[in-house]
Every structure is written in C-alpha cells, then in structure tokens.
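Treat the numbers as computed from the prediction; the structure is a model and nothing was measured.
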Amino acid sequence: MGLANFAKYRSFISSDWDFEMIKRRIIEEMNAHHLLFWATGFGNLWKVKIDAKPSTTNAYREAEGIIEVTDKKLYLTNYESLTMAAQFDDLKLPEKHLEDLVIELDNGSYLVQFKQLFNPDEEDYNSNEINFEIALTEIEKSKRLCNNVNGIYWTDF
C-alpha cells in the first residue's frame, strides 16, 4: 500500500521487468519524494483513516516519510497498480477504477506518518476496524527534510 504523487512518479520500467527492478524503482521514487510505500502483511481490502494530525492510537508498527504534492493531489495506491504501470508504458496512473482514492491537498512537502493498527500474523484480525492511519502534515518551506530509505517499509526483501 502507498501514497503517490502520480504527476511525478516514473511508472514505466520495461515490458519484462523483474522484482529487483520494481523494488529499485519504488525506492528511487520514495527518495525523490514521489511515493511512500509499505508492506501490509497480506493482500486485502483495507480501511484507511486519513487525517491532518497523527493520532495517539497504539499501533503494531509505524513509520514516516516525506512526500511532495505538485498538482494538489495524492493517491492511495497498491502493488498491482505499480506493477501494471511498470510493464505497460501506455498505462497511466491512477487507473480509472482507482481514481476516487484521491487526497486533495495544497502543493508542498508533507511529513506522512503511517501506522498499521493490527498484527498481520495474528488470527484475531478484525476486518471491520480501521486497519491503517495516515497523517499528513505540511512542512514549512524553510525546513528541508529528505527520505533516505534503502528498502520498502516493513519488508525483509
């Protein structure tokens, strides 16, 4: 799961990309502030709460990163969308069926704090509850922060 600035995200890689190539692209785009991307533990339909301030809710795990907004929009995205766009140079993101996963914001840089509220390895996972919280706080222009990631959040590969 992730947040993307599709106005800046470089999606196409090759018609025969491999996992190392897409992983490298995702990391490059996170460090360029065009994407934040994390593993969820397993594929599912997730309930996400988006707010301007981080909550005090206890989390199984949490992280933060910087993302840039340049066309007043960020989109929630998933691995399937990124891989389809990596393979087909004529596929534009967001895909039509995911266009409503938009977050409208002022242009600028944002600190994004994201939390996974459940342990994906526990069997008592409740699909009726909010699964992820995302807080977006605009960063003052005078503060220069950067991402320095070398892997996809919450993965071992």
TODO: List the steps and the verdict of side chain to side chain contact (heavy atoms under 4.5 Å, CB included) for Leu111 and Leu136.
DONE: CA-CA 6 Å; Leu111 173 65; Leu136 297 121; over 6 Å; no
Open item on the list: Run Ile152 and Ile26 through side chain to side chain contact (heavy atoms under 4.5 Å, CB included) and show every step you take.
Closed with: CA-CA 8 Å; Ile152 298 170; Ile26 288 170; 3.9 Å; yes
- [ ] For side chain to side chain contact (heavy atoms under 4.5 Å, CB included), just list the numbers for Leu3 and Leu35, CA-CA rounded to whole Å, side-chain angles, deciding distance to a tenth of an Å, and then say yes or no.
- [x] CA-CA 6 Å; Leu3 278 178; Leu35 176 72; over 6 Å; no
- [ ] Under the side chain to side chain contact (heavy atoms under 4.5 Å, CB included) rule, what do Met1 and Val48 come out as? Steps first, then yes or no, please.
- [x] CA-CA 10 Å; Met1 172 184 291; Val48 179; 3.9 Å; yes
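Taking Tyr9 as the reference, nothing meets the ring pair (Phe, Tyr, Trp, His ring centres under 6.0 Å) condition, with sequence neighbours excluded. Partners of Phe37 by ring pair (Phe, Tyr, Trp, His ring centres under 6.0 Å), not counting sequence neighbours: none found.
In this structure, Arg61 contributes its side chain and Asn119 its backbone to no donor-acceptor pair below 3.5 Å. A donor-acceptor pair is defined here as one N or O able to donate and one able to accept, closer than 3.5 Å; no such pair exists between the side chain of Glu68 and the backbone of Asn5. At least one donor-acceptor pair under 3.5 Å links the side chain of Lys115 to the backbone N or O of Ser55. Of the possible polar contacts, none joining the Asn44 side chain to the Trp46 backbone as a donor-acceptor pair under 3.5 Å is found. A distance-only check finds a donor-acceptor pair linking the side chain of Thr83 to the backbone of Tyr79 [under 3.5 Å].
Surrounding NZ of Lys73 are at most 12 heavy atoms belonging to other residues, nucleotides or ligands under 6.0 Å away. Environment of CG in Asp100: crowded, with over 12 heavy atoms of neighbouring residues, nucleotides or ligands closer than 6.0 Å.
Between the OG atom in Ser109 and the CD atom in Glu138 there is a gap of 8.0 Å [rounded to 0.5 Å]. With values rounded to the nearest 0.5 angstrom, Glu64 atom CD is found 10.0 Å from Leu36 atom CG. The CD1 atom of Ile134 sits 14.5 Å away from atom OH of Tyr110, with the distance rounded to the nearest 0.5 Å. Between Ser15 atom OG and Gln87 atom CD the span is 7.0 Å, to the nearest 0.5 Å. From Glu99, atom CD reaches atom CG of Leu93 across 10.5 Å, with rounding to the nearest 0.5 Å. From Ile67, atom CD1 reaches atom NZ of Lys8 across 12.5 Å, with rounding to the nearest 0.5 Å.
Between Phe118 and Asn131 there is a side-chain heavy-atom pair separated by less than 4.5 Å. Side chains of Leu101 and Pro94 form no contact here, defined as non-hydrogen atoms less than 4.5 Å apart. Taking the side chain as every heavy atom from C-beta outward, His33 and Cys146 approach each other to under 4.5 Å. Side-chain atoms of Phe6 and Thr77, non-hydrogen and from C-beta on, do get closer than 4.5 Å to each other.
In the hydrophobic clustering of this structure, Leu105 groups with Tyr75; members are Ile, Leu, Val, Met, Phe, Trp, Tyr whose side-chain heavy atoms approach within less than 4.5 Å, directly or through other members. Hydrophobic clustering (ILVMFWY, side-chain heavy atoms < 4.5 Å, transitive): Met84 and Leu82 are in one cluster.
A ring-ring contact (aromatic ring centres under 6.0 Å, His included) with Phe114 is found for one member of Tyr60, Trp154, Phe132 and no other, namely Trp154.
Salt-bridge check for Glu129 with Lys47: failed, with every basic side-chain N at 4.0 Å or more from each acidic carboxylate O. Ion pairing between a basic and an acidic side chain is recognised when a charged N comes within 4.0 Å of a carboxylate O; Glu28 and Arg10 show such pairing.
The heavy-atom pair separating Asn107 from Lys72 by the smallest distance is OD1-N, 2.7 Å. Across all non-hydrogen atoms, the minimal contact from Val149 to Met30 is CG2-CE, 3.7 Å. Taking both residues in full, the closest heavy atoms of Phe12 and Ala86 are given as CD1-O, 3.4 Å, listed atom of the first, atom of the second, then distance.
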